[in-house]
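So the structure is just underneath, and the comments pick up after that.
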Amino acid sequence: MPRIARVVVEIAVDKEFDYLIPDRLQDEIKVGTQVVVPFGHSEARGYVVSLADSSPHAAKLKEIRDRVGKKALVEQNILDLARWIADYYLSPVEKAVRTVLPGAVRRKGSGFKERLMVFPTESATDELSVEQLRKKAPKQAKALDILLTGKQMFLAHLARAAGTTTATLRTLEEKGFIQIGRSAVRRDPLADQEVLHTEPLKLMPQQEEALKRVKQSVDTLTPPVVLLYGVTGSGKTEVYLQAIQYAMDKGKGAVVLVPEISLTPQTLERFRGRFGDCIAVLHSSLGEGERHDEWHRVHEGKARIVIGARSALFAPVKDLGLIVVDEEHEPSYKQEEAPRYNARDVAVMRGKMEKCAVVLGTATPSLESYANALKGKYGIAGLPHRVDHRQMPVVTVVDMRVEAEREGHPNVFSRELIEGIQRRLDRAEQTMLFLNRRGFATSLICPKCGYVAECDQCSVSLTYHRQSEELICHICAARRKVPSRCPNAECGDPSFRMSGFGTQRVESVLAKLFPKARVRRMDSDTTTGRDSHRQILGEFRSGKIDILVGTQMIAKGLHFPNVTLVGVIFADMSLHMPDFRAAERTFQLLTQVAGRAGRGDVVGGVIVQTYTPFHPAIQAARRLDFEGFYDQEIEFRKELGYPPFGHLVCLTLRGPGEEKVAFSGGAFMKELAPNLPPSVVAAGPAPAPLARAKGLYRYQIMLRAPTTRVMTEPLRKVLQSFRWPKGITCAVDVDAISLL
Ligand code: ADP
Ligand code: ZN
């Protein structure tokens, strides 16, 4: 009989503590039970993560004070997953445990919302007594009539509807016509939406084939993971829906992950329409109460399917049959704070631990997933055609160097793009203009020839550091002075400048070029209001806007039949991010953006403006040729040992004084280096591309190796003993995605 419970306390201490289980709680304490324990001079809440017979500190153990709630909140499987996350991503266990359990469920004081409900009794349908009531108390009778049009009502609603008070209704209760009782009301995030039920569509042959593969995985786990690689509009969602139905028919549950940005009402409607109340929604923009209730519907088994962003992966769905990760290539699946997990990768892990099939869907697979498919580790199902057999858009690449040459100076808009927009305005068609302004302008680009300084060792753009007037490679820490003129021998232009213009500038130039056009901008500045996102898109959909200018916010999943032109203002911006995935991101973005054009009856056009028209990512995007892009890009990754051929761990140090940050980074490296096996390539500390943020200096240490283990094991050891000076923090990012 285990008498000792190991508890993770909800305060940031990366340790598990042993407590004695008092006799009175013996039967109630299980793995996952939330408990109150003495901690220091006060008490703390925590979770039981395991039970044991003995403890090395047995003599000194304190007793658990109490338990919280009636049921264990975290099941063993979810705890195991949290442990795996803590271990793989070098994160404190308690942070991982907190990640798998939403705050709305965990927090003190969270609970169901109860309201007073009114139900009719049998006397309510007894005609004689009701007739009498009508004579004596017409108001009460009216309330009863209203109540009888349904089965039950909130007390407050009924009082309002009948134009009376709750006291009057209490009298009605005393007379025995109605019953008033407490009832937990569900705070339903989709309550205001009328959702029409939909039936499964008859699948196209390509979808049929894909569904067959997924079903096979659900049945036999061979292969356990299927990469569903289908162009935009190829009907992936319908395949997910029918695969989920298949799992449900076998009595199993499902989890669907979509990027936060695609978790739109339209997306939710498609799932709600097919599965009704059986589906629960979990995402961060829900109210606390809604999240609490949705989570409990899953926990109690009332909802068997969960859809949501990243953290929905940890929903306590029992007997899981299928996990779908839509847009698996999306960088937003990576959490940017500890634990820095990638939901796509953890989904594959959860699938493995719970013997459940995983589908990774995308129009532009990540190199990692595609490589896994080619290796045979994942199965692959392709949907190469659009469902409606519409043609893919025609992509034109415009060389901005030629433009600058012709005009005598660099411009925001090329002649092609201006003409294209004018033509759309004349025909009352719509245009979307896209400017990827992710991050900030960090690279130097020659406006005349498009030259961008790159590290010769690492093939990433050098980052411009204004303070020191230097170009720095943040992978190998090489530094160079900023050249006074363009280093391209054929150019030598002295007007080397920072790349980058924002959406605002684009908007103001548009206003001058097309004074009559209705232009709207959509980026993180114009969409701060809770509803502004939907509002702008609504206006665009209904034709009140001619030209929509935006960041990647407008690149995803939106369907506007009247958009026949998509312009990419400056494709180089993402290409020259100081990141070895820059080409991959650019290809993905261009392909996504191109997918927005011509979803209606007219073949769409895409105009891509660039200074590097012959870059493989841009050329491949022009041909909409993922395989071609992959073949080239994979060679480069292989040569330098970048993912998928290796793993990357990025340590970011932050602190108020630059010297101290650099110095403690150096001291840490000195301790770490002797512990690293020869297979690990280590570099830094060097100033991060984002060298200063929120008043703190940032330095990075980069580690690269064929597996994560060879890096994380020595790291864990050194991190445990190393004492960072006061004010310096160190963030560890395993399988880092953003390298800023
Ligand atoms: P994707 O997710 O691959 O971008 P969708 O699943 O959104 O594609 O499908 C695009 C459109 O085609 C949707 O409007 C969808 O309802 C429709 N569709 C999908 N499959 C079929 C089918 N088998 N028959 C008819 N319409 C379909
Ligand atoms: Zn370098």
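Whatever order the structure lists ligands and atoms in, that order sets their numbers, starting from 1.
Not a single heavy atom of G230 lies less than 4.0 angstrom from ligand 1. Under a 4.0 Å heavy-atom criterion, D326 is not in contact with ligand 1. Under a 4.0 Å heavy-atom criterion, R386 is not in contact with ligand 1.
A salt bridge does not link R274 with E269: every distance from a Lys NZ or Arg NE/NH1/NH2 to an Asp or Glu carboxylate oxygen is 4.0 Å or more. Salt bridge absent: E208 and R213 never bring a charged side-chain N and a carboxylate O closer than 4.0 Å.
Proximity to R270 (heavy-atom distance under 4.0 Å) selects the following atoms of ligand 1: 5 (P), 6 (O), 7 (O), 15 (C), 16 (O). Shown in contact with E238 at under 4.0 Å from a heavy atom are these atoms of ligand 1, numbered in order with element: 6 (O), 20 (N). Every atom of ligand 1 is numbered from 1 in the order shown, and the set under 4.0 Å from a heavy atom of M204 is 23 (N). Numbered from 1 in the order shown, with element, the atoms of ligand 1 that lie under 4.0 Å from a heavy atom of K202 read 22 (C), 23 (N), 24 (N). Atoms of ligand 1 found under 4.0 Å from any heavy atom of V231 (numbered from 1 in listed order, with element): 3 (O).
Here the two rings, on Y341 and F314, have centers that are under 6.0 Å apart.
Annotation: K352, atom NZ; neighbour count of heavy atoms from other residues, nucleotides and ligands within 6.0 Å does not exceed 12.
The side chain to side chain contact (heavy atoms under 4.5 Å, CB included) test applied to A736 returns C650, D733, L739, not counting sequence neighbours. For Q632, the side chain to side chain contact (heavy atoms under 4.5 Å, CB included) partners at least two apart in sequence or on another chain are P616.
Taking only nitrogen or oxygen atoms, main chain and side chain alike, G235 reaches within less than 3.5 Å of ligand 1. For ligand 1, the polar-atom distance check finds no N/O of T232 at less than 3.5 Å from any of the ligand's N/O atoms. Considering backbone and side-chain atoms alike, G233 places an N or O below 3.5 Å from some N or O of ligand 1.
Tested against E507 for a salt bridge (charged side-chain N to carboxylate O under 4.0 Å, His left out), the candidates R521, R520, R518 yield a single pass: R521. Screening K302, R304, R297 for a salt bridge (charged side-chain N to carboxylate O under 4.0 Å, His left out) with E300, the sole residue that qualifies is K302.
The two atoms that bring A254 and I244 nearest to each other are CB-CG2, 3.9 Å, heavy atoms only.
Neither the backbone nor the side chain of L383 has any atom closer than 4.0 Å to an atom of ligand 1 (non-hydrogen atoms only). Looking at T237 against ligand 1, both its backbone and its side chain come within 4.0 Å, counting heavy atoms.
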